[in-house]
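Notes follow the structure.
Fair warning: this is a prediction, and the values are worked out from it, not measured in the lab. The chains referred to below are lettered A, B, ... by the order of the sequence lines, with proteins before strands, and numbering in each begins at 1.
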There are 2 protein chains.
Amino acid sequence: MKNRLEQLSQWLKHENIDFALITSTENIFYLSKYYSNPHERIIALGVFQNDEPFLICPKMEMADAKSAGWDFELLGYSDIENPWEFIRNAIAKRTTTINTIAIEKEQLSIERGEMLQKLYPNIAFRSIEAILNQLRLIKDEAEISILKEAARLADFGVEIGTQAIKEGKSELEIVATIEFELKKKGVRDMSFATMVLTGSKTASPHGTPSVDEVQKGDLVLFDLGVIFEGYCSDITRTVAFDHINEEQKTIYETVLKAQKSAIRACKPGIEIGSIDKTARDIIAEAGYGDYFTHRIGHGLGIGIHEFPSMNATNTDTLQPGMVFTIEPGIYVPTTGGVRIEDDLLITESGVESLTKFPKELMIIK
Amino acid sequence: MKNRLEQLSQWLKHENIDFALITSTENIFYLSKYYSNPHERIIALGVFQNDEPFLICPKMEMADAKSAGWDFELLGYSDIENPWEFIRNAIAKRTTTINTIAIEKEQLSIERGEMLQKLYPNIAFRSIEAILNQLRLIKDEAEISILKEAARLADFGVEIGTQAIKEGKSELEIVATIEFELKKKGVRDMSFATMVLTGSKTASPHGTPSVDEVQKGDLVLFDLGVIFEGYCSDITRTVAFDHINEEQKTIYETVLKAQKSAIRACKPGIEIGSIDKTARDIIAEAGYGDYFTHRIGHGLGIGIHEFPSMNATNTDTLQPGMVFTIEPGIYVPTTGGVRIEDDLLITESGVESLTKFPKELMIIK
């Protein structure tokens, strides 16, 4: 963590920014190992060019921040104290020249921006997101090994899910079974609400599981992931229950071909947009172009959807250490949908899939 | 919903604000019944003084928005389209006088504020939160009946949890059992990460369940809730496993007395701060004042922590239809902590507890 804080201090010097005030759960975790979702309360990490950083959190979370390993200044405020006064004092102790502050413009609310502006009326805000995205983009060895374990747990979740498919079982019962077995393995949080969709509901990329029961002939779509030591996994598999019709099969094979081709295209130096195009061309050629309604994937790490966005217009190139999803899908209203998603790591020479659950068409009997 | 949108239009007229752009999951749900967590994508609801409202969401979610019942204009954008152009066009169709926009200043990011400012360089922003907080503050009959069901499910969750306590069971296994049974009943999402804490970990108000196993003599703290039809419940119970020592018992009885007294004090017209004080005085008198490190509670509804904040400095008064938590706690490092929390509804004549799980000291054998 000290290295990351140091890199940020260097950047502040280079950009001639007086200090940074970081306020998102994810970036605070990245820089301090303290992981907190403070709801409407504020948590903030102050980073300076030369002075010691400080962390402020609700008083009742101070012990958690300490036990996460934070050993610089730690401030706690109660529910009737004003955290902005603590922040102002902590800053005043360190520096009185305050012309420019770096903040997370995509995360900090306008309300909080106005609070800062009240404290320092002549201040200019700079966005810190680009540098933090760049730092977080390339995963180090420790992060990769955590992401691999998160992916293994996602594989296990899909395995449990496929085993739980039985006539009369509801989507939510299958979700419950998956999460039960994962929690028994020590998983506290899923990286997003586990999705198990059956039948025509698979045609909704962001559908909601319900008490609908799985029927023979249904496609069953699993989209799930876990948070392991602060890092996310994200896998999608679609299977058929009992039997599959010709159109479902064509859709499945098209998505699988598109997904495998996109993965094969991944290696250092390749433009991100071209990965999307590889999959999209295959799907369009099969006549389903209008039914692939989202990008090919997204960056993955502390955030479930983090930088970069893996879309058709992204001209950035892949680099070793990047981790992201590849998840083409075809969604045909009433007929149903298929999505296949893996978590990929760019290596020096190519690409490695962190999720490994089989993806050839599986018909659950 | 139309009535709520109409109230907002009236407010815009009264305040002479050209239109409102609402962007939070919660307020969009309140006004449209469309519930979506769009992650980094944008969803927005445009409300005008006289013109028809519009809703914009990712293209792949349009079917979900329609099936939620949205029957005004609906716009969808793909991952390579710019949603701000759609927003600008939708606004231009309705009005060309744009001097003042109401936004959620506590929710909208500085980045998105700058995007709006780019579209309308001379615009002034007004905060819409106060009026939305006021509208959401008083729950109508339909909301109350949903909140009651959410509370019943929370009671059931605690019941399952207390039954799952056995020597050798880990905190996460108990969490898994609770959520498994709730999902079987059709609950898709918990209102926050279910908390089961044992032993000295109960001393952390925001602690994290782990593979730590419950031991005889432990206090075991449950804090959980569900989302039912978009509304949250939130209950805390603390029980003892096998036996309890004198200090734990004193803490328990003090918290229980404080909680019951605070609830008894609740009725229309009473100042919120005084409710906090009622509980705090009892805890301070017992010598534990320094160990009650948070406010007495928070508003509850679509949001798990919503307006109002039930803290010592709040001079607002209780009104019929308000729903909130009362949750005093005492947290003594190493010894452990106790918190007891119910969801309360202010009625015409007093108060009704929506959560009903017993709260007399329970020793699980």
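- No other option in B:Asn314, B:Thr208, B:Thr194 has as many heavy-atom pairs under 4.5 Å with chain A as B:Thr208.
- Contacts with chain B (heavy atom to heavy atom, under 4.5 Å) involve these residues of residues 302-312 of chain A, listed by number: A:Ile304, A:His305, A:Asn311, A:Ala312.
- Listed options B:Glu106, B:His298, B:Lys59, B:Lys184 were ranked by heavy-atom pairs under 4.5 angstrom with chain A; first place goes to B:Glu106.
- Top candidate by heavy-atom pairs under 4.5 Å with chain A, chosen from B:Ser210, B:Pro333, B:Pro209, B:Gly207, is B:Pro209.
- Within the 4.5 angstrom heavy-atom criterion, no atom of A:Ala63 approaches chain B.
- At most 12 heavy atoms of other shown residues, nucleotides or ligands fall within 6.0 angstrom of atom OH in B:Tyr291.
- Contact tally against chain B (heavy-atom pairs below 4.5 Å) for A:Asp189, A:Thr293, A:Leu172, A:Thr313: the top residue is A:Leu172.
- Only the side chain of B:Ile103 comes within contact range of chain A, judged by heavy atoms closer than 4.5 Å.
- Heavy atoms closer than 4.5 Å to chain A are found in the side chain of B:Ser204, but not in its backbone.
- For B:Arg280 (side chain) and B:Phe292 (main-chain N/O), a donor-acceptor pair under 3.5 Å exists by modelled atom type.
- Closest of all the heavy-atom pairs between A:Gly113 and A:Phe125 is O-CZ, 3.6 Å.
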- Task: Apply the test side-chain hydrogen bond (donor to acceptor under 3.5 Å, both in side chains) to residues B:Tyr35 and B:Glu26: give CA-CA distance (whole Å), side-chain angles for both, the deciding distance (0.1 Å), then the verdict.
- Result: CA-CA 7 Å; B:Tyr35 194 102; B:Glu26 292 181 10; over 6 Å; no
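- What you find for A:Val214 and A:Lys166 is that their closest heavy atoms are CG1-O, 3.1 Å.
- B:Ala44 and B:Thr23 make their closest contact through CB-CG2, 4.0 Å (heavy atoms, listed as atom of the first residue, atom of the second, distance).
- For A:His39, the part sitting under 4.5 Å from any heavy atom of chain B is the side chain, from C-beta outward, and nothing else.
- The choice from B:Glu171, B:Glu173, B:Arg188, B:Lys183 that makes the most heavy-atom pairs within less than 4.5 Å of chain A is B:Arg188.
- Around NZ of B:Lys169, the count of heavy atoms belonging to other residues, nucleotides or ligands within 6.0 Å exceeds 12.
- Both the backbone and the side chain of B:Val175 come within contact range of chain A, with heavy atoms under 4.5 Å apart.
- Contact count versus chain B (heavy atoms, under 4.5 Å) is highest, among A:Ser109, A:Ser36, A:Ser78, for A:Ser109.
- Nearest heavy-atom pair, B:Ile174 versus B:Gly161, reported as atom, atom and distance to 0.1 Å: CG2-O, 3.9 Å.
- Of the listed residues (B:Glu114, B:Lys185, B:Gln107), the one with the most heavy-atom contacts under 4.5 Å to chain A is B:Glu114.
- Taking the six-membered ring for Trp and the full ring otherwise, the centers of B:His294 and B:Tyr331 sit less than 6.0 Å from each other.
- Going from atom CD of A:Glu104 over to atom CG of A:Asn27 covers 4.5 Å, rounded to the nearest 0.5 Å.
- Counting heavy-atom pairs closer than 4.5 Å to chain A, the top-ranked of the candidates B:Val187, B:Val211, B:Asn37, B:Leu182 is B:Val187.
- Closest of all the heavy-atom pairs between A:Gly336 and A:Thr202 is CA-OG1, 3.3 Å.
- Nearest heavy atoms, A:Ile296 versus A:Asp276: N-OD2, 3.0 Å.
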